Amino acid sequence: MSLKVYNSLSRQKEVFEPITAPYVGMYVCGPTVSGESHLGHARPYITFDVLYRYLGHLGYKVRYVRNITDAGHFEEEGREAEDKISQKAVLEKLEPMELVQKYTNLFHWAMARLNNIPPSIEPTATGHIVEQIEMIKKLIADGYAYEVNGSVYFDVEKYNTDFSKQGLPYGMLSGRVLDDQLDTTRELDNQEEKRNRSDFALWKKAPPEHIMRWQSPWGEGFPGWHIECSAMSSKYLGEVFDIHGGGMDLQFPHHECEIAQSTVCNHKTPVKYWLHNNMITINGRKMGKSYNNVIKLSEMFDGTHPLLEQAYHPMTIRFFILQSHYRGTLDFSNEALQASEKALRRLWEAYEWLMKQTPAAKNAVDPVLDSKVQKLVAGFDEFMNDDLNTAKVLANMFELVAIINSVKDKHIPANAIGESSFLQLQQQFKVYIENIFGLTGERQADDGKLDGVLQLLIDIRKEAKARKDFMTSDKIRNELGTLGIQLKDEKDGGVSYSIQ
RNA sequence: GGUCAUGUGGCCGAGUGGUGAGGCACAGGUCUGCAAAACCUUAUACGGCGGUUCGACCCCGUCCAUGACCUCCA
């Protein structure tokens, strides 16, 4: 049984075979740190974090590279010759790098709360100006780029003509035909600098007011939109690497341009498997700056957004995303998030209980149930291998949760399940929930004082109940409930609690 | 306009040519001093219309609807 992933390039699921096993190179388009990350951004980083974890689980040695785009790009080509970052910097009276630092820090904070493992290398665009210039020089030398007035453009027409012969036409990833594109590109200012409308900027001359600028063979300027990813991915992962991930909205033109640049420089297509996650929608519409419908991650975490009925724990968001397949759209709503919150709690509580148990019998008393458990557990790997179907893995987990809770409540005798199945269940739950899905307990670890206080209240309530003083016992239960602490009377007479 | 997706029950969301994944909500039940939690059970479904097939939610055609990309965008 081997891992299969959907390759956007071939438009089908393919068996994943690293170029140089056991090493795997994975590049994921990172954030542009000119603003705060929103819910939509969480999806690729969680999706590819799970892939990263899973590849590690399978024994691969993965180098995970995710860039930080801190050299600004145009708001809109030609319309306003100002860098996103510099423009906002003026508004906020900040140094560009101060702004970049601020949003980079915020990004890292959000990633940590979502329990995403930091990438192996997190290169910045500003830290790789030299590499980008070198790459542009090579593109010019090879005849696929040209300079006009201090700016450099990529000659898409020539590229397409030459490389189509090798079966590498421009548009191969997104399924576009260049000839169809020409008519549909909008009329823009500054177009006269380009030979063709589909050409894209590699280097842009910096107008006087532009704060971020670097020396180059073509004068002072800053890198174009797509070159950083090509320069940095080839630097750290080689000319051809295994996986390139990112959001579907980057497929065209960003990833298409990356392919073109790298193909010219290295004479081969740079990526073996292109993986794209779909969008998070809100009322059926993509969450994005242009639609003015974004909910920032910090707002999600503390509930401060008009659309939010409450705060959502980062783990709820992670779980919410894992409940769908990464290639489908996922629609946000309070109802959906609240469902995820409850589901995650149920899963986690069953998991915590499970991990405290030991096998009750060497051989299963109920072979039918025992084999059902085995089958459900075996499904974890099977579904993950099928293009990371985390939704199906979770479905199996919930079927197991029902069994686990039944054992807990003694509806099912503990010895129904044999030792090997039981240990397998425990191990795989742990591996999947914690190591692969990266879920953590919602309850923040404290120094035990809160637990001590609660145990005291639980004892007092127990005593009250024993003497049928339900006024007192209910008061404790209800007041704690108001505080968001729920007491649960267990079948065995014990009492547990969960904190909302 | 071009290209490509999607349309599943109250909500979110998997999936397969042959008695309805899963989660949340809802209803009934068990348990409980009463609740909650947990467990059990039931219910509601595959955009419309054709076609292929013994049989289609799953294949084909068509229509409708929605969305994404074509411009910075996860």
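Owing to the predicted nature of the structure, the values given are computational and were not obtained by experimental measurement. Within every chain, numbering begins at 1; the chains are lettered A, B, ... in the order of the sequence lines, protein sequences first and strands thereafter.
Comparing the C1' positions of B:rC46 and B:rC58 gives a spacing of 9 Å, expressed to the nearest Å. Rounded to whole Å, the C1' atom of B:rG48 lies 26 Å from the corresponding atom of B:rC54. Comparing the C1' positions of B:rA56 and B:rA65 gives a spacing of 22 Å, expressed to the nearest Å. A gap of 44 Å separates the P atoms of B:rG22 and B:rC72, to the nearest Å. Taking the C1' atoms as reference points, B:rU16 lies 25 Å from B:rG10, given to the whole Å. Of the C1' atoms belonging to B:rA68 and B:rG9, the separation is 26 Å, rounded to the nearest Å. Taking atom P on both nucleotides, B:rA74 is separated from B:rG15 by 26 Å, rounded to a whole Å. Nucleotides B:rG61 and B:rU52, compared at atom P, are 15 Å apart to the nearest Å.
Counting only N and O atoms by type, the side chains of A:Q310 and A:N334 include no donor and acceptor under 3.5 Å apart. Checked by atom type, the side-chain pair A:D331/A:T281 shows a donor-acceptor distance below 3.5 Å. With no hydrogens or angles considered, no side-chain donor-acceptor pair links A:Q323 and A:T390 at under 3.5 Å. Side-chain atoms of A:D49 and A:Y64 include no donor-acceptor pair closer than 3.5 Å. Looking only at atom types and distance, the side chain of A:D199 has no donor-acceptor partner in the side chain of A:Y159 under 3.5 Å away. A:S324 and A:R43 form a side-chain donor-acceptor contact under 3.5 Å, judged by distance and modelled atom types alone.
A cation-pi arrangement is absent between A:R66 and A:F48, since the terminal nitrogen or guanidinium carbon is not both under 6.0 Å from the aromatic centre and inside a 45° cone about the axis. Relative to the six-membered ring of A:F437, A:R53 misses at least one condition, a distance below 6.0 Å or an angle of at most 45° to the axis. A cation-pi contact, defined as under 6.0 Å to the ring centre and within 45° of the axis, is absent between A:R195 and A:Y153.
Residue A:K289 places no side-chain atom within donor-acceptor reach of the base of B:rC72, judged by atom type and a 3.5 Å distance cut-off alone. One can find a donor-acceptor pair under 3.5 Å joining the base of B:rC72 and the side-chain atoms of A:S290. The base of B:rC34 sits with one of its N or O atoms less than 3.5 Å from a complementary donor or acceptor on the side chain of A:R477.
As the counterpart of B:rA21, no nucleotide is assigned, since no Watson-Crick or G-U wobble pattern has both distances under 3.5 Å. Across all strands shown, B:rC69 forms a Watson-Crick or G-U wobble pair, both distances under 3.5 Å, with B:rG2. Using the Watson-Crick or G-U wobble rule with both distances under 3.5 Å, B:rC39 pairs with B:rG29. Look at B:rC46: it lacks any Watson-Crick or wobble partner with both distances under 3.5 angstrom.
A donor-acceptor pair is defined here as one N or O able to donate and one able to accept, closer than 3.5 Å; such a pair exists between the side chain of A:N7 and the backbone of A:W274.
Here the P atom of nucleotide B:rG13 and the CD atom of A:E341 are 18 Å apart, to the nearest Å. Rounded to an integer number of Å, the gap from OH of A:Y27 to P of B:rA74 is 13 Å. With rounding to whole Å, A:E399 atom CD is found 10 Å from B:rC40 atom P. A straight line from NZ of A:K408 to P of B:rC40 spans 14 Å, rounded to a whole angstrom. As a whole-Å value, the separation of A:R461 CZ from B:rU32 C1' is 11 Å. Note: CG (A:L344) to C1' (B:rC24) measures 13 Å, nearest angstrom. Atoms CD (A:E309) and P (B:rC24) sit 18 Å apart, rounded to a whole Å. Rounding to whole angstrom units, CG of residue A:N396 and P of B:rG15 are separated by 13 Å.
In this structure, A:Y291 reaches the sugar-phosphate backbone alone: every heavy-atom distance under 4.0 Å involves primed, P, OP1 or OP2 atoms, never a base. Residue contacts shown for A:H38 include a base, since a base heavy atom lies under 4.0 Å away. Within 4.0 Å of A:M248, counting heavy atoms only, lies no atom of the nucleic acid at all. Heavy atoms of A:K468 sit nowhere under 4.0 angstrom from any nucleic acid atom. Residue-level contact check: A:M287 touches the bases, meaning some heavy atom is under 4.0 Å from a base atom. Using a 4.0 Å heavy-atom distance criterion, A:K286 is classed as a base contact.
Comparing A:K392 and A:Y45 along RNA chain B, the residue whose closest nucleotide (by nearest heavy atom) sits nearer the 5' end is A:K392.
Annotation: proximity of residues 478-485 of chain A to RNA chain B (heavy atom, distance under 4.0 Å) is found for no residue.
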Verdict with reasoning, A:Y103 to A:W109, per ring pair (Phe, Tyr, Trp, His ring centres under 6.0 Å): CA-CA 10 Å; A:Y103 288 121; A:W109 167 80; over 10 Å; no
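Closest to the side chain of A:R176, out of B:rA14, B:rC69, B:rA74, is B:rC69.
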Set out, line by line, the N/O atom pairs under 3.5 Å between protein and nucleotides 36-38 of chain B.
from, atom 1, to, atom 2, distance (Å)
B:rA36, O2', A:Q486, NE2, 2.4
B:rA36, N1, A:D489, N, 3.4
B:rA36, N1, A:D489, O, 3.2
B:rA38, O3', A:N405, ND2, 3.0
B:rA38, O2', A:D409, OD2, 2.4

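For A:K375, the NZ atom sits in a loose shell: 12 or fewer heavy atoms of surrounding residues, nucleotides or ligands are nearer than 6.0 Å.
When ring centroids are compared, A:Y45 and A:F107 come within the 6.0 Å threshold. Taking the ring centroids of A:F200 and A:H226, they lie under the 6.0 Å cut-off.
With values rounded to the nearest 0.5 angstrom, A:D469 atom CG is found 11.0 Å from A:K475 atom NZ.
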With B for base contact, S for sugar-phosphate-only contact and - for none (protein heavy atoms under 4.0 Å), nucleotides 4-12 of chain B reads ------BSS
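Put simply, A:F470 rests on the base of B:rG33: the two rings are less than 5.5 Å apart at their centres and nearly parallel, under 30°.
The shortest distance between the side-chain N/O atoms of A:K342 and the OP1/OP2 oxygens of B:rG23 is not below 4.0 Å.
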